[in-house]
Amino acid sequence: MTPMLRLALLGYGKMGKTIARLAPERGCEVRLTLDVDSNPGGEGITRENLRDVDVCIDFTTPAAVVENIRRVAALGRNLVVGTTGWNDKLDEVRRLVESSGIGMVYAANFSIGVQLFYRLARAMAESLAPFPMYEPYITEAHHRFKQDAPSGTAIELKKQIEPALKDREVPLASIRAGYIPGTHELGFDSEADTVILRHTARSRQGFAEGALYAAKWVMGKKGLYTFSEALERS
Ligand SMILES: NC(=O)c1ccc[n+]([C@@H]2O[C@H](COP(=O)([O-])OP(=O)(O)OC[C@H]3O[C@@H](n4cnc5c(N)ncnc54)[C@H](OP(=O)(O)O)[C@@H]3O)[C@@H](O)[C@H]2O)c1
């Protein structure tokens, strides 16, 4: 029998709780959960606390995540990072991961459906690029508790279609309201009609599935990977 993967959950908010619920069904055991009270400034990430932990999963806040990565890397544990809003620190995080010899998977969106959505978005942009009467745009909507805007997924979506669209402008609009789990839309609008590709998350379960998948995948790996790279190499 494959031994259970032993996890530490950094952040025990909406995502941390969803992962904790799903973990036992996916062959994982949550050994440690750290929240803002038990982990101020990353202080809960100690050798003693991570003693029985194989992989850490971080779903915290943009303000907390980089210090958490630094401490986990210093203790030589692999990790999965779902927290968004730290794109500007990617170079620093890459250096931390490479110099410590750990493995890390990160993504603004751990839903496998969204990874396929990116693929379709690239194909859509390539098909419509030769027709400049179709103007591209992106919209995204999330619950009012989400701290960053635009979403990391929308930023990644824009990056995915940019090579096909060259220097064309892609306006991006964000909505924060109510309890929307997450909707992303890529549209091409012309005077005559509109072409739309939309992904709608129904719940957080899809993100939790992907994060647990990535936690198993990253065991024994070294280096920094996006979730889409992890899926391609699976
Ligand atoms: N990649 C994906 O697929 C995906 C999917 C969903 C969400 N996300 C992202 O993941 C992050 C968390 O999302 P969520 O919906 O779970 O948010 P959430 O419910 O607000 O949970 C975040 C939790 O982290 C806690 N926290 C803050 N500082 C901490 C620290 N130093 N150590 C441990 N915990 C700390 C917060 O506590 P307080 O509230 O008390 O500050 C909060 O409970 C966000 O950046 C969100 O955009 C990513």
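Indexing begins at 1, ligand by ligand and atom by atom, following the structure's order.
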Among all protein non-hydrogen atoms, which one is nearest to [atom], and what is the separation to 0.1 Å?
{"atom": "atom 40 (O) of ligand 1", "answer": "Val36 CG1, 3.1 Å"}
{"atom": "atom 6 (C) of ligand 1", "answer": "Met15 CG, 3.5 Å"}
{"atom": "atom 46 (C) of ligand 1", "answer": "Thr84 OG1, 3.8 Å"}
{"atom": "atom 21 (O) of ligand 1", "answer": "Gly13 CA, 3.4 Å"}
{"atom": "atom 4 (C) of ligand 1", "answer": "Phe59 CE2, 3.5 Å"}
{"atom": "atom 3 (O) of ligand 1", "answer": "Phe110 N, 2.7 Å"}
{"atom": "atom 15 (O) of ligand 1", "answer": "Lys14 CE, 3.5 Å"}

Should we say atom CZ of Arg202 is surrounded by more than 12 heavy atoms from elsewhere, each under 6.0 Å from it?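 Atom CZ in Arg202 is not crowded, with 12 or fewer foreign heavy atoms closer than 6.0 Å.
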
Atoms of ligand 1, numbered as shown, that sit under 4.0 Å from any heavy atom of [X]:
{"X": "Lys146", "answer": "47 (O)"}
{"X": "Phe207", "answer": "3 (O), 5 (C), 6 (C)"}
{"X": "Ala64", "answer": "28 (N), 29 (C), 30 (C), 31 (N)"}
{"X": "Thr61", "answer": "27 (C)"}
{"X": "Asp148", "answer": "47 (O)"}

Side chains of [X] and [Y] only: does a donor on one sit below 3.5 Å from an acceptor on the other?
{"X": "Asp54", "Y": "Asn78", "answer": "no"}
{"X": "Ser151", "Y": "His184", "answer": "yes"}
{"X": "Asp193", "Y": "Tyr134", "answer": "yes"}

Is there a nitrogen or oxygen of His143 sitting under 3.5 Å from a nitrogen or oxygen of ligand 1?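 Between His143 and ligand 1 (N or O atoms, distance only) the closest approach is not under 3.5 Å.
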
Does the [X] side chain pair with the main chain of [Y], one donor and one acceptor, at a distance under 3.5 Å?
{"X": "Arg77", "Y": "Leu75", "result": "yes"}
{"X": "Arg95", "Y": "Leu90", "result": "no"}
{"X": "Lys221", "Y": "Trp217", "result": "yes"}
{"X": "Thr18", "Y": "Arg204", "result": "no"}
{"X": "Ser174", "Y": "Ala149", "result": "no"}

Could you tell me how the ring of Tyr213 sits relative to the ring of Phe227: parallel (under 30°), tilted (30 to 60°) or perpendicular (over 60°)?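 The rings of Tyr213 and Phe227 stand perpendicular, inter-plane angle above 60°.
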
Mind checking whether [X] contacts ligand 1 via backbone (N, CA, C, O), side chain (CB onward), both or neither, at a 4.0 Å heavy-atom cut-off?
{"X": "Asp35", "result": "backbone"}
{"X": "Ala108", "result": "backbone"}
{"X": "Glu67", "result": "neither"}
{"X": "Ser111", "result": "neither"}

Would you mind finding which of Gly206, Ala107, Ala214, Gly82 brings a heavy atom closest to atom 48 (C) of ligand 1?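 Shortest heavy-atom distance from atom 48 (C) of ligand 1: Gly82.
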
Counting heavy atoms only, which of Val81, Thr60, Asn39, Ile19 comes nearest to atom 12 (C) of ligand 1?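 Checking each option, the heavy atom nearest atom 12 (C) of ligand 1 is found in Thr60.
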
Are Tyr179 and Phe145 an aromatic pair, judged by ring center distance below 6.0 Å?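 Here the rings of Tyr179 and Phe145 have centres that are less than 6.0 Å from each other.
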
